[in-house]
2 protein chains.
Amino acid sequence: MNVESKSQQAYRFIRDRIDDGRYVPGYRLVLGQIAGELEVSVVPVREAIRRLEAEGLVTFERNVGAQVALIKETEYLHTMQTLSIVEGAATALSAPYLMPEHLRRAREINERMRRSLDDFDPHRFTELNLEFHAVLFEECPNPHILDLVHRGWNRMRMLRDSSFSFVPGRARESVAEHERILDLLERGADPLEIELAARSHRTATLDAMLAYQAKHKHPHPEPLAATESRMP
Amino acid sequence: MNVESKSQQAYRFIRDRIDDGRYVPGYRLVLGQIAGELEVSVVPVREAIRRLEAEGLVTFERNVGAQVALIKETEYLHTMQTLSIVEGAATALSAPYLMPEHLRRAREINERMRRSLDDFDPHRFTELNLEFHAVLFEECPNPHILDLVHRGWNRMRMLRDSSFSFVPGRARESVAEHERILDLLERGADPLEIELAARSHRTATLDAMLAYQAKHKHPHPEPLAATESRMP
DNA sequence: CTGCTTGCGATCGTATACGATTTCGCCGCG
DNA sequence: CGCGGCGAAATCGTATACGATCGCAAGCAG
């Protein structure tokens, strides 16, 4: 009965293709073409693209057209930094609501992450990584914060290939940090301590990436207040 | 030459009316009616409303229509909590980039806030309050975070009447807290200290509101992890 | 009187049509 | 050979049209 609206359908269509990499950043979204593939008219497609634009996944230029958002490096760093903050907060806020069951599941996922490392399966690793944090956020009392976290993840997913795998050794540290966060949660540590641990879990990744890139590619990707936000 | 697109025009039209209170929360947005007032067709109006929906200012129900978002109390609290986090972070991130000139202007605005209190001008007070924080964020190196702050402010503005004025005495405390934040910035305090000060500046308002409401209206607006996020 | 059904008006959702704008290749000129 | 202008094709932006859906009120049965 209640079939989803065509604009919703178009939204999902495009969104799926962005998510799974068929539409790479920079890919030109031509209204008529997408409308043709979907067998709908251009109006719903325009709405869908507008929505994607508001979410930051797509850029839209008047009379020119839309394309999958190109994330510049500094943009990427800013998103990482923002993520570190909202993820840290979300973890701390969720802490009081996490049951032993959640922690058990999280540990189990983390174990699988460790194993995926031994199997050299980076794709599986990043997938499990998302799952891990998703478990921690399941009981987050503030859906707003959660929304911000998801926005950040979407953004990140668009560059999935420039994630962990690019910094040798970082993944293993990541697993260890997960362990530490779980320990803090388990013993009901101070929320601030949890927040900072979760935050630096992400900023450590960021810093590792910066260091790695500085050594291997550009001399300086651009100074950022990232490290200043790290807080010891 | 390059007149703004009609959908942009419609967006601004609606947005203005929401901002200045002509469209109150719950106000029903009828496509044809708005299109008529603007002398455009419904298609651009739909796009505008979709965008407002993505920004959270408007809710849209299929085959029923759009209305200015009704913010429930818990929603409000969540937004405040989120704001406390992102504002705190934004303040800390901006700290290294603030020149004495900025601090001077901020102090001056804060003084005017104090005076507006003596004149019993709450509208002016809230206006200056935004200005104050805007100055602190002028040099924020992370536009992402800033964007989140602005989103939060938009949300808040929709309930402007339930802000400071409802908690007697809170405004004066707020001025004092501004002073304290400025002091921390001036002496180049630890970023974490600045962040927590800015954060608790907002959560203090939240807590004051909750306490006030608990005493005067409802027994319990609903428990929230707010105080847990406050962090001493 | 109450509750369910039915029909109508209001409004939404989308297709189609067409003018407006941009892009890009082609041509002539320097 | 390069470059500036011109024209056609591609694409966008919006108006209009019309079917689809919802809400509400009137009518009918119990």
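All chains are named by letter (A, B, ...) in the order of the sequence lines, taking the proteins before the strands, and each is independently numbered beginning at 1. Side chains included, hydrogens not; waters and symmetry mates left out as well; all remaining heavy atoms used.
Inspection of the A/Thr91 and A/Arg199 side chains reveals no N or O donor paired with an N or O acceptor under 3.5 Å. Counted by atom type alone, B/Gln33 and B/Arg28 present zero donor-acceptor pairs between their side chains at under 3.5 Å.
Rounding to whole angstrom units, CD of residue A/Glu47 and C1' of C/dT14 are separated by 9 Å. For the pair B/Leu38 CG and D/dT14 P, the computed distance is 12 Å after rounding to whole Å.
A cation-pi arrangement, defined by a distance under 6.0 Å to the six-membered ring centre and an angle within 45 degrees of its axis, is present between B/Arg17 and B/Phe13.
Remark: A/Arg62 does not engage B/Glu4 in a salt bridge, criterion side-chain N to carboxylate O under 4.0 Å.
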At a cut-off of 3.5 Å, list every protein nitrogen or oxygen paired with a nitrogen or oxygen from nucleotides 10-13 of chain D, distance to 0.1 Å.
unit_1	atom_1	unit_2	atom_2	d
D/dC12	OP1	A/Leu31	N	3.4
D/dC12	OP2	A/Leu31	N	3.4
D/dC12	O3'	A/Asn63	N	3.2
D/dG13	OP1	A/Asn63	N	3.1
D/dG13	OP2	A/Arg46	NH1	2.2
D/dG13	OP2	A/Arg46	NH2	3.4

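Ring orientation note: the planes of B/His133 and B/Phe137 are tilted relative to one another, at an angle of 30° to 60°.
Listed pair B/Ser41 / D/dA15 meets the phosphate criterion, a side-chain N or O lying under 4.0 Å from OP1 or OP2.
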